[in-house]
Amino acid sequence: MSNTTTKTNRGPKTGVIEVPEDVALSVQHLKKVYQTDGGEIEAVRDLHFDIRAGEFVCLVGPSGAGKTTLLKCIAGLLAPTSGLVALDGRLVTGPPKGLAVVFQEYGRSLFPWMNIRDNVELPLKNQGVAKDERDRLVDDALEAVGLAHVPKSYPWQLSGGMQQRVAIARAIAYQPKVLLMDEPFAAVDAQTRADLEDLVRRVWKRLGITVLFVTHDIDESVYLGERVVVLSSSPTVVQEDLTIDLPADRDQLETRSMARFTELRGHVYEQIQRAKAEAPNRTSSTPTV
Amino acid sequence: MSLAKRLAYFVGLPILLLVLWWALTIGNTNFFVPKPLQLFEIFGDVWFGDRLVTDVLPSIGRLLAGVAISIVLGIVLGIVIGSVRLLRQLTEPSLEFLRAIPPPVLIPVLALIIGINDQMKVAVIIFGCIWPVLLNTIEGVRAVDPVLNDTCSVYGISGGARMRYLVLRSASPQIMTGIRQSLSIGLILMVISEMFGSSSGLGYAIVQFQRTFSVPEMWTGIILLGLLGVALSLVFQFTEKRVLRWYHGLREVDR
């Protein structure tokens with residue numbers, strides 16, 4: 001189901017990239033080299049994968065695998081050294097419309113001078129969405145993340161988990177085609193994390209959006225994803241592209257106690273161990289990016 | 001804290017000091033030592049007659065004009081310089097040089113260039129008041145959180161909207177710090193700018209009283225300056241509390 005062979009055709013003039021019709025996000029031979037005082041650091045060597053519209057894909061890899069670099073390239077925040085990213089068949093050269101990001105640092109991605117409602121509303125207001133429409137979208141989004149009762153609070157008055165809910169609400173109110181999540185639950189406690197995982201699955205199903213979820217947590221990637229892309233150590237390539245054939249309805253207790261879950265989890269774990277072990281062979285220095 | 005309690009804290013020490021001052025100067029016949037009751041009696045006559053229109057209000061007007069222009073100019077220039085790294089590096093030495101010049105030494109020069117008028121006095125105030133606002137704004141703009149910056153980029157918030165929703169708000173704690181410093185510098189420069197070759201204003205009036213040995217009148221002028229400082233500080237605190245409510249809340253939580 002993955003690794004669809006695509007005829008790539010760079011068209012920088014028009015920005016139109018040929019990809020199969022059902023592909024929402026296409027990462028093609030992406031390479032990112034950082035220029036530093038200590039020389040060049042190759043964070044991402046050659047990443048190549050497609051995500052079909054409506055898919056929930058988890059990206060997992062050892063720490064320092066260039067996950068954040070990749071995500072920033074996809075979000076148009078960083079320009080790749082070579083290769084390309086295409087969203088809905090259009091070359092990404094800057095932050096594209098139709099893409100929302102939920103960052104790991106929830107405390108630093110919400111505006112502390114705005115209340116919850118204003119935070120969620122701002123991107124829509126900035127886009128010139130009419131007031132009625134805006135109100136409806138914001139209400140729906142807050143409802144969806146279970147925060148309809150605190151619109152007037154400020155982010156810093158809420159717990160970490162609730163702040164991340166606000167960031168998710170802001171992302172879904174924006175009505176993105178693709179939702180990127182950069183280790184969004186790495187900094188919240190385990191119980192909140194389980195709640196938020198189920199919340200993201202629910203939102204994904206309800207809205208039918210495409211989700212790319214970056215994590216370093218193997219369990220989380222298997223529990224959440226329909227597909228798990230395992231990255232190698234830096235300089236990064238795709239180590240494995242794995243379909244998660246678990247039932248669509250996931251449950252924290254039931255799903256996690258399935259034999260298949262344990263199997264898949266073990267498989268991903270092995271892959272990551274292998275990635276770590278192979279790392280020194282690929283490069284003499286192992287920079288952390 | 002209740003309003004009554006806050007008011008009691010606010011005026012408690014001043015009243016105590018006044019009583020002490022009164023007690024220590026009873027029976028003192030030295031002409032140069034001010035007595036509180038005597039000053040209280042003449043205060044109204046000295047300042048709320050013709051002088052209100054000829055001296056007090058023009059002084060306050062020039063002060064407010066100078067401070068207001070400094071704030072607007074300081075914030076606008078600060079945002080521009082703070083946003084562009086090249087501009088920051090180019091201007092930094094010059095700004096440090098200019099801010100090190102004490103504005104009073106410029107009064108004769110400005111008097112020659114602009115003339116002895118309101119504009120000159122306002123210019124002196126601006127030359128002293130703009131630096132804290134400008135330099136603090138530059139710092140504040142530079143320190144905008146990279147994650148918030150990325151967030152704005154992702155959601156297409158750029159240009160004027162980014163300035164308004166992100167940069168200005170994010171830098172507002174530093175900007176307010178700058179404004180607070182500017183206010184006290186402004187009051188000092190208001191007085192000094194009126195001491196040379198001037199014919200009106202609080203500073204001028206106080207110098208006149210000194211030269212004519214109207215010692216109690218001179219003291220009332222000094223007290224008026226102090227009261228003006230308190231009033232400015234109250235207005236500032238009132239504004240700051242509203243503008244930076246989020247910031248104080250955030251700091252409270254972080255602690």
message: Working to the nearest 0.5 angstrom, can you tell me the gap between B/Leu183 CG and B/Gln181 CD?
response: 10.0 Å
statement: Under a 4.5 Å heavy-atom criterion, the part of residues 154-176 of chain B in contact with chain A comprises B/Val154, B/Tyr155, B/Gly156, B/Ile157, B/Ala161, B/Tyr165, B/Leu166, B/Arg169, B/Ser170
task: Kindly write out the residues that satisfy ring-ring contact (aromatic ring centres under 6.0 Å, His included) with B/Tyr247, not counting sequence neighbours, or none if the list is empty.
output: none
message: Using side chain to side chain contact (heavy atoms under 4.5 Å, CB included), reason through A/Ile51 and A/Val23 one step at a time and then give a plain yes or no.
response: CA-CA 6 Å; A/Ile51 297 177; A/Val23 168; over 6 Å; no
task: Please flag which part of A/Phe103 lies under 4.5 Å from any non-hydrogen atom of chain B: side chain, backbone, both or neither.
output: side chain
field: Worked check of side chain to side chain donor-acceptor pair (under 3.5 Å) between A/Thr210 and A/Glu55
entry: CA-CA 5 Å; A/Thr210 312; A/Glu55 241 185 331; over 6 Å; no
- line: Highest number of heavy-atom pairs under 4.5 Å with chain B among A/Pro176, A/Ala75, A/Ala100 belongs to A/Ala100
- request: With B/Lys241 as the cation and B/Phe238 as the aromatic partner, state whether NZ or CZ is under 6.0 Å from the six-membered ring centre and within 45° of the axis.
  value: no
query: So what's closer than 4.5 Å to chain B heavy atoms on A/Leu110: side chain, backbone, both or neither?
result: backbone
- request: Select, from A/Leu77, A/Asn115, A/Leu99, the one with the greatest count of heavy-atom pairs under 4.5 Å involving chain B.
  value: A/Leu77
field: B/Asn136-B/Thr177 side chain donor-acceptor pair, cut-off 3.5 Å
entry: no
Greatest number of heavy atom pairs closer than 4.5 Å to chain B - which of A/Trp113, A/Tyr154, A/Tyr174: A/Trp113
field: Structural part of B/Asp150 lying under 4.5 Å from a heavy atom of chain A
entry: both
message: Any carboxylate oxygen within less than 4.0 angstrom of a Lys/Arg side-chain nitrogen, looking at A/Asp135 and A/Arg117?
response: yes
field: Donor on one side chain, acceptor on other, A/Thr192 and A/Asp189, under 3.5 Å
entry: yes
query: Checking side chain to side chain donor-acceptor pair (under 3.5 Å) for the pair B/Ser200/B/Asp55: CA distance, chi angles, key distance, verdict?
result: CA-CA 5 Å; B/Ser200 80; B/Asp55 294 314; 4.7 Å; no
- prompt: Tell me, side chain or backbone of A/Lys125 under 4.5 Å from chain B's heavy atoms, or both, or neither?
  reply: side chain
